[in-house]
Structure formats: structure tokens, C-alpha cells
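Just so we're on the same page: letters track the sequence lines, and every chain starts at 1. Because the structure is a prediction, the values reported are computed rather than measured.
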Number of protein chains: 2
Amino acid sequence: MNDGVRWLTEDEQRVWRRYLAATSMLSEYLERRMQQDAGIPHTYYEVLVSLSEAPECTLRMSELAVRSRFSRSRLSHAVTKLEAKGWVIRTSCPTDKRGAWATLSEQGRAVLEAAAPDHVEAVRKALFDVLDSEQVRRLGEITGAIVDGLAEECEAVEADADEGPG
Amino acid sequence: MNDGVRWLTEDEQRVWRRYLAATSMLSEYLERRMQQDAGIPHTYYEVLVSLSEAPECTLRMSELAVRSRFSRSRLSHAVTKLEAKGWVIRTSCPTDKRGAWATLSEQGRAVLEAAAPDHVEAVRKALFDVLDSEQVRRLGEITGAIVDGLAEECEAVEADADEGPG
DNA sequence: ACGATATGGTTGAGTCTTCAACGATTCGAT
DNA sequence: ATCGAATCGTTGAAGACTCAACCATATCGT
């Protein structure tokens, strides 16, 4: 029965399935909460947060994409919506004419501040209220290991892409 | 500065952000791997797995929705696609004329079995290879707590909905 | 200085998901 | 037996995301 595939053990399967259940339930819960209580999707909220933490509340599109873990394309579409709502302002970059800045507007900041309490409450209810401090510490370690591992994978993939087909 | 909001501590913020990074990176990694290596979205793969584990490889649509954590609507759309590909077969239920069965076809089983090694390899690379067995055990506990907590929340929400507006 | 290449960002088409509304059927109370 | 409410599943439209293609600009090698 050794076919070269490193199948999961029973325990690993249980953990994997619970992981899938937990992460999807949590993200759905957060999405629903944010949409209903604050009237803004959770992912858009994260974009506004990234901007609010930048100097002058302004970032280059590409940098904003990295910080909010959006693809360039996804961010471009998202900022179009956010601009239409008046929460973000696009301006073109004078030193690099290809580039564009995104800036959090006053209105955007107001929306962000109004949504923040709902957001933190949802995160607490779903995550920190059900874990003791030891578990929180361990979750930090575990997620850190996952991020590091995947960061390596991603670099490897990019390196492959750079090499080209021959 | 006590405004009644239970803001996150610095440590909690760090953990929360790493959690977001880890879960989104992992799901993107898996999605990409499955799409490229096996030519099937990860979520669809999970639907096929759920079916394959049912007696006769058959489930009611609503039950399949619960097991794969799809909304009814999402599942209905998804099964339409899977049926078009010939991987799933819909049949109407004789005892309950509202209902419908979904059955994994032979072709569907073949696709599933072909994709399984790629899937398990991706899960290992992203998760189990970067964690020691102690961390895996703890991840199981933590995700279990999250699932339990959110299950309660969901019941509460449903109960509210049942009560109606007054 | 010039052409090739790389980068920053946008766009449109296609796909997936959500949401609300719907038709059909079953259940429950009277 | 019948009427109202709940359940099962589907549908269509709107929103969000991905992917590939694309312009415009900047950078690099010569």
C-alpha cells in the first residue's frame, strides 16, 4: 500500500478538517458581521486599515496590494469601488508616471472608525474569547510557521517563473 | 480611554494578523495547486470528497451542502457545473418530491482519485511539514474551540431569526 | 542614445458567490 | 380536510475575484 503518496493519518485528517471548518466558519462569520453591522465587506475594511496605518494615509497601489494581500488586479477593482464610495482617493504619482497613490479620505477614516468596534468585537467573540492565553501564544507560533513555509514556497514558484521555459 | 470597546492588545493584534496571513496564504496556495495540478478548484474537490464518503456515493443536496459547508444556492450552482462535466449525477427523490440526490459518477470518482495525491501533497507541504506533532495536536484543540464557539453563535443567530421582529 | 525588457497599473471577459425571490412540496394545527 | 407555515432546491441578477492581455512608463545593456 506504499504508492509513494504521503497520505494523511487519521489524526491529521481530523485536524485538517477541523482547520477547514474553523477557518471557513470564522471568515464567514466575520464577513457577515462586517457586512451587517458596518455595511462594509471585511476585505475592504482591511484595505482601509492598511491605508490608515501608512504615513499621510497614503500608499502606492502595489504596496497597498502587498499589505492587504490583494492581487494587483483585485486591488485595482476594489479601489475603483472604494473611490466611488468616496472612501479612497486616487492620485497619480509625479515622480513615476506609471504609478498611482491611494489615499484614505476623511470620509473613509470616519467609516473605518465607525466600523472598528464592531470588527474587534467580532474577532474577540470568534477567536480570543474561546482561547486561553496559552492557546493564543501557540496559535501565533503555528500561524507563523505556516506563513514562513509558504513564503518559501512562493519564492520558489517565482524563481521558477523567472527562469522561463528554457 | 475606556470607551467600552475591548480593543486587541499588541500581542493579540500580531496573532490576528498572522492568522489572516496564514489562512489566506494557505487557501490561495491550495487553490492554485489544485487548479494547476489537478485542474479542479479546491472547493469542488471537497464536494466530490463528501460524496465519495457517503453510502452509495449519494447524498441529498441539503446534506451535501452541510458537509461541504456550502450554502444551498452555492451548491446548486456548483452541482450544475459538476453535472455538466459528468462528475456528478442529479436524480430526483421519489419519497420527497421536493428533494434531489447527488451521486458521484464513475468519471467523478476517477477525477477524485487522480487529484487526491496532489491534494494531500499540497496539504502536507503547507501545513504538516512545517509543524511538529505537538503543534498539530494543539492546532486541533484550537480549531476545535473555534468551531464550537462559532457553532453556538450560529445557533443563537438562527434562534433570533426564528423569533422574528416581534 | 536606443532598443529590449521589466514594472506599475488598468481593463474586460469569464467564473464563482451571494442574495432575494420563487415554485413546488410537505408538515402541523385545527 | 384544509389552510398556513416551514422546507427543499433552483434561478437570475448583482457583486467580487481571477486570469490574461494590454498600455504607459521606467530601467538596463550596449
**Q** Side-chain heavy atoms nearer than 4.5 Å, only ILVMFWY residues, links allowed to pass through others: does that put A:Val136 and A:Leu30 together?
**A**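 Cluster IDs for A:Val136 and A:Leu30 match.
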**Q** Treat each ILVMFWY residue as a node, draw an edge where side-chain heavy atoms are under 4.5 Å apart, and state whether B:Val49 and B:Leu26 are in one component.
**A** no
**Q** Does A:Arg90 have any side chain to side chain donor-acceptor pair (under 3.5 Å) partners at least two apart in sequence or in another chain, and if so, which?
**A**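 Partners of A:Arg90 by the side chain to side chain donor-acceptor pair (under 3.5 Å) criterion, ordered by chain and then number, come out as A:Thr80, A:Glu83.
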**Q** Identify, with sequence neighbours excluded, every residue that meets ring-ring contact (aromatic ring centres under 6.0 Å, His included) alongside B:Tyr45.
**A** B:His119
**Q** So, OP1 or OP2 of D:dG9: does either fall under 4.0 Å of a side-chain N or O from B:Arg90?
**A** no
**Q** Considering residues at least two apart in sequence or located in another chain, which fulfil the side chain to side chain donor-acceptor pair (under 3.5 Å) criterion with B:Glu28?
**A**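 So B:Glu28 forms no side chain to side chain donor-acceptor pair (under 3.5 Å) with any residue.
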**Q** So, A:Ser76 side chain and A:Arg72 main chain: donor-acceptor pair closer than 3.5 Å or not?
**A** no
**Q** Which donor-acceptor pairs under 3.5 Å do the side chains of residues 17-24 of chain A make with protein atoms, sequence neighbours left out?
**A**
| unit_1 | atom_1 | unit_2 | atom_2 | d |
| --- | --- | --- | --- | --- |
| A:Arg17 | NH1 | B:Glu53 | OE1 | 3.3 |
| A:Arg17 | NH2 | A:Gln13 | OE1 | 3.4 |
| A:Arg17 | NH2 | B:Glu53 | OE2 | 2.7 |
| A:Arg18 | NE | B:Gly140 | O | 3.1 |
| A:Arg18 | NH2 | B:Gly140 | O | 3.4 |
| A:Thr23 | OG1 | A:Tyr19 | O | 2.9 |
| A:Thr23 | OG1 | A:Leu20 | O | 3.3 |
| A:Ser24 | OG | A:Leu20 | O | 3.3 |
| A:Ser24 | OG | A:Ala21 | O | 3.4 |
| A:Ser24 | OG | B:Arg69 | NE | 3.1 |

**Q** Can you pull every protein N or O that's under 3.5 Å from an N or O on nucleotides 15-19 of chain D?
**A**
| unit_1 | atom_1 | unit_2 | atom_2 | d |
| --- | --- | --- | --- | --- |
| D:dC17 | OP1 | A:Arg74 | NE | 3.3 |
| D:dC17 | OP1 | A:Arg74 | NH2 | 2.8 |
| D:dT18 | O4 | A:His77 | NE2 | 3.3 |
| D:dC19 | N4 | A:Ser73 | OG | 2.5 |

**Q** What ring pair (Phe, Tyr, Trp, His ring centres under 6.0 Å) pairs are there with at least one residue in residues 53-107 of chain B, not counting sequence neighbours?
**A**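 For residues 53-107 of chain B: none.
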**Q** The criterion is side chain to side chain donor-acceptor pair (under 3.5 Å); which residues satisfy it with B:Thr58, sequence neighbours excluded?
**A**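 With neighbours one apart ignored, the set is B:Thr103.
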**Q** Using a strict cut-off of less than 4.0 Å between a Lys/Arg side-chain nitrogen and an Asp/Glu carboxylate oxygen, indicate whether B:Asp132 and B:Arg137 qualify as a salt bridge.
**A** no
**Q** Check DNA chain D against residues 58-65 of chain A and give the residues with a non-hydrogen atom under 4.0 Å, in numerical order.
**A**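 Under 4.0 Å from DNA chain D: no residue of residues 58-65 of chain A.
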**Q** Going 5' to 3' along DNA chain C, which are the first and last nucleotides with any atom under 4.0 Å from a heavy atom of chain A?
**A**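 Contact span on the strand: C:dT7 to C:dG12.
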**Q** Do A:Arg32 and A:Asp37 sit within salt-bridge range, that is, some charged N less than 4.0 Å from a carboxylate O?
**A**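 No.
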**Q** With 3.5 Å as the limit, what N/O pairs link the protein to nucleotides 22-29 of chain D?
**A**
| unit_1 | atom_1 | unit_2 | atom_2 | d |
| --- | --- | --- | --- | --- |
| D:dA26 | OP1 | A:Lys97 | N | 2.9 |

**Q** Is the shortest distance from a Lys or Arg side-chain nitrogen in B:Lys125 or B:Asp129 to a carboxylate oxygen in the other one below 4.0 Å?
**A**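 Here B:Lys125 does not pair with B:Asp129 in a salt bridge, since their nearest N and O are not under 4.0 Å apart.
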**Q** Going by side-chain heavy atoms closer than 4.5 Å, which hydrophobic residues are tied to B:Val66, directly or by a chain of links?
**A**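 Answer for B:Val66: none, a lone residue.
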**Q** Do side-chain atoms of A:Arg124 reach the backbone of B:Arg6 as a donor and acceptor pair under 3.5 angstrom?
**A**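 Checking the backbone N and O of B:Arg6 against the side chain of A:Arg124, a donor-acceptor pair under 3.5 Å is found.
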**Q** Where the side chain of A:Glu12 meets the backbone of A:Thr9, is there a donor-acceptor pair that is under 3.5 Å apart?
**A**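 Between the backbone of A:Thr9 and the side chain of A:Glu12 there is a qualifying donor-acceptor contact (under 3.5 Å).
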**Q** Using five base pairs at each end to define the local axes, how bent is the helix from C:dA1-D:dT30 to C:dT30-D:dA1, to the nearest 10°?
**A** 30°
